[in-house]
There are 2 protein chains.
Amino acid sequence: MFSIGQLSKATGVKVPTIRYYEEIGLLPQPGRNAGNQRRYGQDGMDALGFIKHARDLGFSLEDIKALMGLDGQLGEDCAEADRIARSQLANVRDRIRKLEQLATELERISHLCDGGNGGCCKVLTALGDHSQCATEHG
Amino acid sequence: MFSIGQLSKATGVKVPTIRYYEEIGLLPQPGRNAGNQRRYGQDGMDALGFIKHARDLGFSLEDIKALMGLDGQLGEDCAEADRIARSQLANVRDRIRKLEQLATELERISHLCDGGNGGCCKVLTALGDHSQCATEHG
DNA sequence: CTTGAAGCTCTAGTGACTAGAGCACTTAGG
DNA sequence: CCTAAGTGCTCTAGTCACTAGAGCTTCAAG
């Protein structure tokens, strides 16, 4: 049996966050001891570990709820879990592409300040004017 | 003189968002007409354009407030604006790096489902277990 | 002059937490 | 057995950057 603090230490999820996950129905309600404190078993530990890892992989709590709901059935859940994972992968790839365009743009803007400061600063102007941009960002 | 709707169309910022920017003091309060409706001049248009572009570049509203506060002074603002832009660039690069690790991991997880479904689904297991990961993500 | 679009204010909701108040309970040492 | 520190409890409210909706007023075109 683990206390909420032990669970927190073991998984790296903060105590209020664990209570929050319980509140929104993501984490099953654990038993309580005589003094009304939460006591978790290995299943609670596993569930929280799953959530933590999926969160680190960028899944939304809603996705995670769906993934956890799949567990236990056979056959279809593979396809469905895979679909969710793939959609998350597409999402991540898209974010990378956008961020790369932003990095290009920010690099360009930063270089505007490089050549001394006689009559600089073009940085503010560049930030304000999309038509100066070399790439299509945003 | 522009109405809030015209400003919205011209900049691509939604009407409630413009009002929100005004509410938090990011956008100066415009004049009102006889019927209490907002009327903007070119300065309002420029300010909103600046905000929009900087938002697209990933700056927080707080950063943008700081950048807008710099405008008008000479000398130091270049250094300060450049500092903010560079810090944002570093931030973006960091996010790209992290997302790339996630993409690698998600690709690996997705492939677990490829070979038919006899005794698959490892996807849920992989999502739950960080020790199976090839890279350090999160 | 009518009608429909656009404007106004205000409140509340989103996601995923985080912070703080003000208690009760547990645990280790004496 | 007692005490003090630490941990736990619930509850409310705040974060960021909006978004949605109610219920009203004003504007612009025909």
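Letters A, B, ... are given to chains in the order of the sequence lines, protein chains preceding strands, and every chain is numbered from 1. Keep in mind that the numbers below use all heavy atoms, side chains included, and drop hydrogens, waters and symmetry copies.
- With distances taken from any side-chain atom of Q37(B) to the nucleotides dA16(C), dC27(D), dT18(C), the minimum falls on dC27(D).
- Ion pairing between R108(B) and E105(B) holds under the 4.0 Å rule for side-chain N and carboxylate O.
- Candidate nucleotides dG7(C), dC18(D), dG8(D) were compared by shortest atom distance to the side chain of I4(A), and dG8(D) ranks first.
- Straight-line distance from the CZ atom of R19(B) to the P atom of dG7(C): 8 Å, rounded to whole Å.
- Close to dC8(C), at under 4.0 Å from its OP1 or OP2, lies a side-chain N or O of R38(B).
- For E22(B) and dT9(C), the CD to P distance is 8 Å, given to the nearest whole Å.
- Dashed line: the shortest gap from a side-chain N or O of Y21(A) to OP1 or OP2 of dA16(C) is not under 4.0 Å.
- Of the side-chain N and O atoms in R32(A), one or more sit less than 4.0 angstrom from OP1 or OP2 of dT10(D).
- Checking side-chain atoms of T17(A) against main-chain N and O of V13(A) turns up no donor-acceptor pair under 3.5 Å.
- The distance from atom CG of L26(B) to atom C1' of dC16(D) is 13 Å, rounded to the nearest whole Å.
- One finds no side-chain N or O of T17(B) lying less than 4.0 angstrom from the OP1 or OP2 phosphate oxygen of dA17(D).
- dA17(D) atom C1' lies 15 Å from atom CG of L27(B), rounded to whole Å.
- Of the possible donor and acceptor atoms, none in the side chain of E100(A) sits under 3.5 Å from a partner among the backbone N and O of R97(A).
- In the set dC9(D), dG7(C), dA16(C), dG7(C) carries the atom at the smallest distance from any side-chain atom of V15(B).
- Under the 3.5 Å distance criterion, the side-chain polar atoms of T11(B) are matched with a main-chain donor or acceptor of L7(B).
- The distance from atom CD of E23(B) to atom P of dT15(D) is 12 Å, rounded to the nearest whole Å.
- Residue order along DNA chain D, read from the 5' end via each residue's closest nucleotide, puts S60(B) first among S60(B) and N33(B).
- Phosphate contact (OP1/OP2 of dC27(D), side-chain N/O of S3(B), threshold under 4.0 Å): absent.
- Looking at heavy atoms from C-beta onward, Y21(B) lies in side-chain contact with R55(B) at the 4.5 angstrom threshold.
- Spacing between atom OH of Y40(B) and atom P of dA6(C) amounts to 16 Å, rounded to whole angstrom units.
- For the pair Q6(B) and Y20(A), both in contact range of DNA chain C, the more 5′-proximal nearest nucleotide belongs to Q6(B).
- For L61(B), counting side-chain heavy atoms from C-beta on, the closest listed nucleotide (dC18(D), dC8(C), dC17(C)) is dC18(D).
- For dC17(C), neither phosphate oxygen OP1 nor OP2 lies less than 4.0 angstrom from any side-chain nitrogen or oxygen of K14(A).
- Look at CG on L48(A): it is 11 Å from P on dC17(C), rounded to the nearest Å.
- For the pair L7(B) CG and dG7(C) P, the computed distance is 10 Å after rounding to whole Å.
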